[in-house]
There are 2 protein chains.
Amino acid sequence: MTTARDDTIAVRISKVLAERIIAGEIEAGAKLRQDHVAEEFGASHVPVREAFRRLETQGLVVSEPRRGVRVAGFSLDEVKEVAEMRAALEVLALRHAAPHLTRAILDEAEEATRAGDKAGDVQAWEAANRSFHRLILTPCAMPRLLRAIDDLHTASARFLFSGWRAEWEAPTDRDHRAILAALRAGQVETAASVLARHVQWVGQKPGTPAVTRR
Amino acid sequence: MTTARDDTIAVRISKVLAERIIAGEIEAGAKLRQDHVAEEFGASHVPVREAFRRLETQGLVVSEPRRGVRVAGFSLDEVKEVAEMRAALEVLALRHAAPHLTRAILDEAEEATRAGDKAGDVQAWEAANRSFHRLILTPCAMPRLLRAIDDLHTASARFLFSGWRAEWEAPTDRDHRAILAALRAGQVETAASVLARHVQWVGQKPGTPAVTRR
DNA sequence: TCGTCATGATTTATAGATAATTTGGAGCAG
DNA sequence: CTGCTCCAAATTATCTATAAATCATGACGA
């Protein structure tokens, strides 16, 4: 949540808007009008426009030429799509990261898991979860892949927040521990398959309300 | 190659620049100065700026804040990264597309393969190849996934053009035919594994010159 | 030799003008 | 009276032109 002082106005705007969309403050399908946003941020419409482009690449809004941008709807199908993409890409990243995983990194990841278990709300849990995944995947040293995964994470987060806004309890994350155990034992394939299942679990949770159909 | 009359100037500029970068007319690492581009297209710098953003999401340029954009370098590592991402995602897409593949689609794909074999230059072959992949993957009906794959295709194309600009001959595409045969026989997993290998083949071709190291 | 400061070049932001799309209503056919 | 087409006004995105902020470069002084 650090709106760094030195990045450009466009980036700042895009970050704030992204937070709002993820948090569900702006409903899916809503039109985003550049003048209004510009006025709110005390800026002009050109940086707003660039912010929109950024959000578009993250898949948070869709832009129809000359007709403005709307907040992307996320049906159950889209959520599942994101989950499956994440599974495919994270498995790939893990396979490449595995040889470079040090004990220190795994310890840090375990720490992140504990933080997630102790988390009081969804936001904290999501942050810890993301940090876990980032820790074990970053050593793959594939920047483009990591960027793609990160964008998919924010899309997932959006779904997560929409579903369990009110009632929620931190699940002790067995999957994370299983992954770490497999990695410690050098069983990369086992870790990968657990990871794949783990990622898709989010998309399959039944009885999820508030999935706007657009 | 159709610069549609009705899309926005920014899109038009981005398409032209993308073609140039892919074709290797602009060398990797070169700075793109917005004023120059703007002048060349007889436009202002705002649409140019948006075009840059578009190119950034395709991974064709990298943008450092307040320091402009440069054409993305593509080392062998990056090419392999793209190939592996493509493999992972195309396999996923194929698994979902398989149940919806009709005989008509497969026939069309075979037609595309033949067109590729008859192709006289790399550009024609690439177009046919891309069309083949698109044909058999589109029925998966996962728009986000398809967009990601498409971006990876253009990145691959860039590498392809850089390597075999002068000497090149159309390889009769055994892989494509094997994939089609497997799909016709309902052996989805076989098709998927051939596809995975096929996609990575591009990234492993040895003796590839002109891979700028940046 | 190193640090500071001015100058030139370039990105970034603003304000105003232009073009396209949508919306609402009037007129006409069914 | 209902529904459709067509036209005009308002709204909105898009573009141009201009100003401000930032970064790189090289000279000058310690």
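Chain identifiers are assigned alphabetically (A, B, ...) following the order of the sequence lines, protein sequences preceding nucleic acid strands; residue numbering begins at 1 within each chain. No hydrogens, no waters, no symmetry mates; every other heavy atom, side chains included, goes into these values.
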Completion exercise
Applying salt bridge (Lys or Arg N to Asp or Glu O under 4.0 Å) to Glu39(B) and not counting sequence neighbours gives none
Completion exercise
Taken in chain and number order and not counting sequence neighbours, the residues that satisfy salt bridge (Lys or Arg N to Asp or Glu O under 4.0 Å) with Glu40(A) are Arg20(A)
Practice task
Taking side chain to side chain contact (heavy atoms under 4.5 Å, CB included) as the test, write out the residues that go with Ala124(B), two or more places apart.
Solution key: Ala119(B), Asp121(B)
Handout entry: Partner residues of Asp175(A) under the side-chain hydrogen bond (donor to acceptor under 3.5 Å, both in side chains) criterion, sequence neighbours left out
Key = His198(A)
Exercise for the section: Identify, with sequence neighbours excluded, every residue that meets ring pair (Phe, Tyr, Trp, His ring centres under 6.0 Å) alongside His153(A). Expected result: His133(A)
Could you give the side-chain donor-acceptor pairs of residues 94-102 of chain B under 3.5 Å, partners two or more places apart or in another chain?
| unit_1 | atom_1 | unit_2 | atom_2 | d |
| --- | --- | --- | --- | --- |
| Arg95(B) | NE | Glu189(B) | OE1 | 3.4 |
| Arg95(B) | NE | Glu189(B) | OE2 | 2.8 |
| Arg95(B) | NH2 | Glu189(B) | OE1 | 3.1 |
| His96(B) | NE2 | Glu84(A) | OE1 | 3.0 |
| His96(B) | NE2 | Glu84(A) | OE2 | 3.0 |
| His100(B) | ND1 | His96(B) | O | 3.4 |
| Thr102(B) | OG1 | Ala104(B) | N | 3.4 |
| Thr102(B) | OG1 | Ile105(B) | N | 3.2 |

Problem - ring pair (Phe, Tyr, Trp, His ring centres under 6.0 Å) partners of Phe52(A), counting only residues at least two apart - result: none
Practice task
Compute whether any side-chain donor of one residue and acceptor of the other, for Arg86(A) and Ser156(A), lie under 3.5 angstrom apart.
Solution key: yes
Problem - Within residues 44-57 of chain B: residues closer than 4.0 Å to DNA chain C (heavy atoms) - result: His45(B), Arg49(B)
Completion exercise
Assign each of Ala10(A) and Lys31(A) the nucleotide of DNA chain C bearing its closest heavy atom; nearer the 5' end lies the nucleotide of Ala10(A)
Completion exercise
Those residues at least two apart in sequence (or on a different chain) that pass salt bridge (Lys or Arg N to Asp or Glu O under 4.0 Å) with Arg33(B) are none
Completion exercise
Residues at least two apart in sequence or cross-chain that pass salt bridge (Lys or Arg N to Asp or Glu O under 4.0 Å) with Arg134(A), listed by chain then number, are Asp150(A)
Handout entry: Residue closer to the 5' end of DNA chain C, Gly42(A) versus Arg67(A) (nearest nucleotide)
Key = Gly42(A)
Completion exercise
Contact span of DNA chain C against chain A, any nucleotide atom under 4.0 Å from a heavy atom, 5' to 3', runs dT12(C) to dT22(C)
Practice task
Give one of base, sugar-phosphate or nothing for Leu32(A), where a contact means two heavy atoms less than 4.0 Å apart.
Solution key: sugar-phosphate
Practice task
Check every nucleotide of DNA chain D for an atom under 4.0 Å from a heavy-atom of chain A, then give the first and the last such nucleotide from 5' to 3'.
Solution key: dT12(D) to dC15(D)
